[in-house]
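Written below as structure tokens is the structure these notes are about.
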Amino acid sequence: MVTVPTAVILGWPVRHSRSPMIHRHWLASLGIAGDYVPLPVEPERIDVVLNGFAELGYVGGNITVPHKEAAFRAVKSADDVATALGAVNTLWLDGDRLVGGNTDAAGFLANLDEKAPGWDAAGTAVVLGAGGAARAVVWALRSRGIGRIVVVNRTLDRAEAIARHFGKPVEAAEWNSLPKLLKKAGLLVNTTTLGMAGHPELALDLAPLPEGAVVNDLVYVPLDTGLLAAARKRRLVAVDGLGMLLHQAVPGFERWFGRRPDVTPALRDLVVTDIGQAA
Ligand code: NAP
């Protein structure tokens, strides 16, 4: 039985999620009587769980892989970002109406604003990958008026689908065009799973990137990826993916528990330690 205001994260699997650690840290540091719990839900059951969400007693929650699209279909209304992406990562209740939003784009922007101020002067941004994370990144870059956004993906069709979906200034390009593209890129973002623990490294020569370029890896396990090490070796601005994870959690917490939490060094250290133990 839920005895204090409790938010939930729905995913499959969900045991590796750092969200409970993040939200419980904020609850404790703000002195709020509440909780945040993981709830594994198999894909076959997600529609039933979401359709009955209001009766479960939770104040809201997060949605992670592979349920973000199902959550978008289940909500009665969605914010602009979730609507543009067709994916919901944050749920709340308006009375007994289930409402959804997507905070990945805001988390991505807040991370770059914090770690690489001025990054949005980049004339051209190159986005590697064309999955769900790439869509959020492209939405975010567009919202900040980046002049040229090039999506590069192993499977070109998927990059082309993103370019069609968002329209100008988004375009798609083949992986082998990267050496030429990077010459003009003020920002390079990796949204592929390459470099993630258990996945192959992202093998990319960063030599063509201009001086001062920002390299952001969305992968955060490990925290220090081969791509970021290569960026630092070239004295470029290297930004890891953990800040995006921390910042995307802020709006949900504020909605459920009524206080806007801060992304502090203490929170970051907590999660870094956990990632270090898992690696
Ligand atoms: P996804 O939808 O499964 O997309 C995976 C992408 O990786 C696709 O573009 C795929 O290309 C590409 N890829 C996979 N294996 C590859 C390979 N061997 N060579 C080249 N490309 C390959 O995943 P997602 O949800 O977008 O997540 C992507 C990454 O972002 C994950 O590492 C995730 O942890 C991270 N992420 C981080 C945050 C954060 O807060 N920091 C938030 C969201 C996601 P194909 O289309 O050719 O298969």
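Since the structure is predicted, the reported quantities are computational estimates derived from the model, not experimental observations. Both ligands and their constituent atoms are indexed starting at 1 by order of listing. We count residues from 1, following the sequence as given.
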Requested in this report: Please check if the side chain of His67 supplies one atom and the backbone of Val41 the other of a donor-acceptor pair under 3.5 Å.
Outcome: yes
Report summary line: for atom 38 (C) of ligand 1, nearest protein heavy atom and its distance come out as Leu218 O, 4.1 Å
Query raised in the report: Any heavy atom of Gly107 sitting closer than 4.0 Å to ligand 1?
Result: no
Requested in this report: Considering heavy atoms of the protein only, find what lies nearest to atom 12 (C) of ligand 1 and give residue, atom and distance to 0.1 Å.
Outcome: Thr192 CB, 3.8 Å
Report summary line: among protein heavy atoms, the one nearest atom 23 (O) of ligand 1 is Thr193 CG2, 4.4 Å
Report task. Please identify which atoms of ligand 1 are closer than 4.0 Å to at least one heavy atom of Leu245. Result -> 40 (O)
Query raised in the report: Counting each atom of ligand 1 from 1 as listed, which ones have a heavy atom of Val219 under 4.0 Å away?
Result: 32 (O)
Query raised in the report: Please state which protein non-hydrogen atom is closest to atom 42 (C) of ligand 1 and give its distance, to 0.1 Å?
Result: Met244 CE, 3.7 Å
**Report entry** Option set Arg154, Glu201, Arg158, criterion heavy-atom distance to atom 8 (C) of ligand 1, minimum
**Finding:** Arg158
Query raised in the report: Can you list the ligand 1 atoms lying under 4.0 Å from a non-hydrogen atom of Gly241?
Result: 39 (C), 41 (N)
Query raised in the report: Taking side chain as C-beta onward, heavy atoms only, is Ile146 less than 4.5 Å from Trp119?
Result: yes
Query raised in the report: Less than 4.5 Å apart, any side-chain heavy atom of Asp217 and any of Leu202?
Result: no
Query raised in the report: So which protein heavy atom does atom 19 (N) of ligand 1 come closest to, and at what separation?
Result: Leu194 CD1, 3.5 Å
Report summary line: When distances are taken from atom 1 (P) of ligand 1, the protein heavy atom at minimum range is Gly131 CA, 4.1 Å
Query raised in the report: Going by heavy atoms in the side chains, are Leu91 and Leu50 under 4.5 Å from each other?
Result: yes
Query raised in the report: Has the side chain of His247 got a donor or acceptor atom that lies under 3.5 Å from a matching backbone atom of Leu112?
Result: no
Query raised in the report: What residue and atom, counting heavy atoms only, is the protein's closest point to atom 11 (O) of ligand 1, and at what distance?
Result: Asn153 OD1, 3.2 Å
Query raised in the report: Looking at Gly132, which atoms of ligand 1 are within less than 4.0 Å of one of its heavy atoms?
Result: 2 (O), 26 (O)
Report task. For Asp224 and Arg232, run salt bridge (charged side-chain N to carboxylate O under 4.0 Å, His left out): C-alpha distance rounded to whole Å, both residues' side-chain angles, the deciding distance at 0.1 Å, then the answer. Result -> CA-CA 11 Å; Asp224 196 19; Arg232 279 199 307 273; 2.9 Å; yes
Requested in this report: Check ligand 1 against Thr155 and write out every atom of the ligand that is under 4.0 Å from a heavy-atom position of the residue.
Outcome: 45 (P), 46 (O), 47 (O)
Query raised in the report: Looking at Gly129, which atoms of ligand 1 are within less than 4.0 Å of one of its heavy atoms?
Result: 9 (O)
Query raised in the report: Is it the side chain (CB and beyond), the backbone, both or neither of Phe108 that lies under 4.0 Å from ligand 1, heavy atoms counted?
Result: neither
Query raised in the report: For the atom pair CD1 (Ile22) and OG (Ser17), what is the distance rounded to the nearest 0.5 Å?
Result: 7.0 Å
Query raised in the report: What protein heavy atom is closest to atom 25 (O) of ligand 1, reported as residue, atom name and distance in Å?
Result: Ala133 N, 4.1 Å
Query raised in the report: Is any heavy atom of the protein nearer than 4.0 Å to atom 3 (O) of ligand 1?
Result: no
Query - Pairwise distance CG(Leu246) to CZ(Arg268) - rounded to 0.5 angstrom - result: 7.0 Å
Report task. For the pair His23 and Trp256, name the ring-plane relationship: parallel under 30°, tilted 30 to 60°, perpendicular over 60°. Result -> tilted
Query raised in the report: Looking only at atom types and distance, does a side-chain atom of Asp94 sit under 3.5 Å from a main-chain N or O of Arg97, one as donor and one as acceptor?
Result: no
Query raised in the report: Counting only N and O atoms by type, is there a donor-acceptor contact under 3.5 Å from the side chain of Thr6 to the main-chain atoms of Val4?
Result: yes
Report task. Please check atom 33 (C) of ligand 1 for a protein heavy-atom neighbour under 4.0 Å. Result -> no
Query raised in the report: Could you go step by step and tell me if Thr83 and Phe72 meet the side-chain contact (heavy atoms from CB on, under 4.5 Å) rule?
Result: CA-CA 8 Å; Thr83 303; Phe72 177 67; 4.3 Å; yes
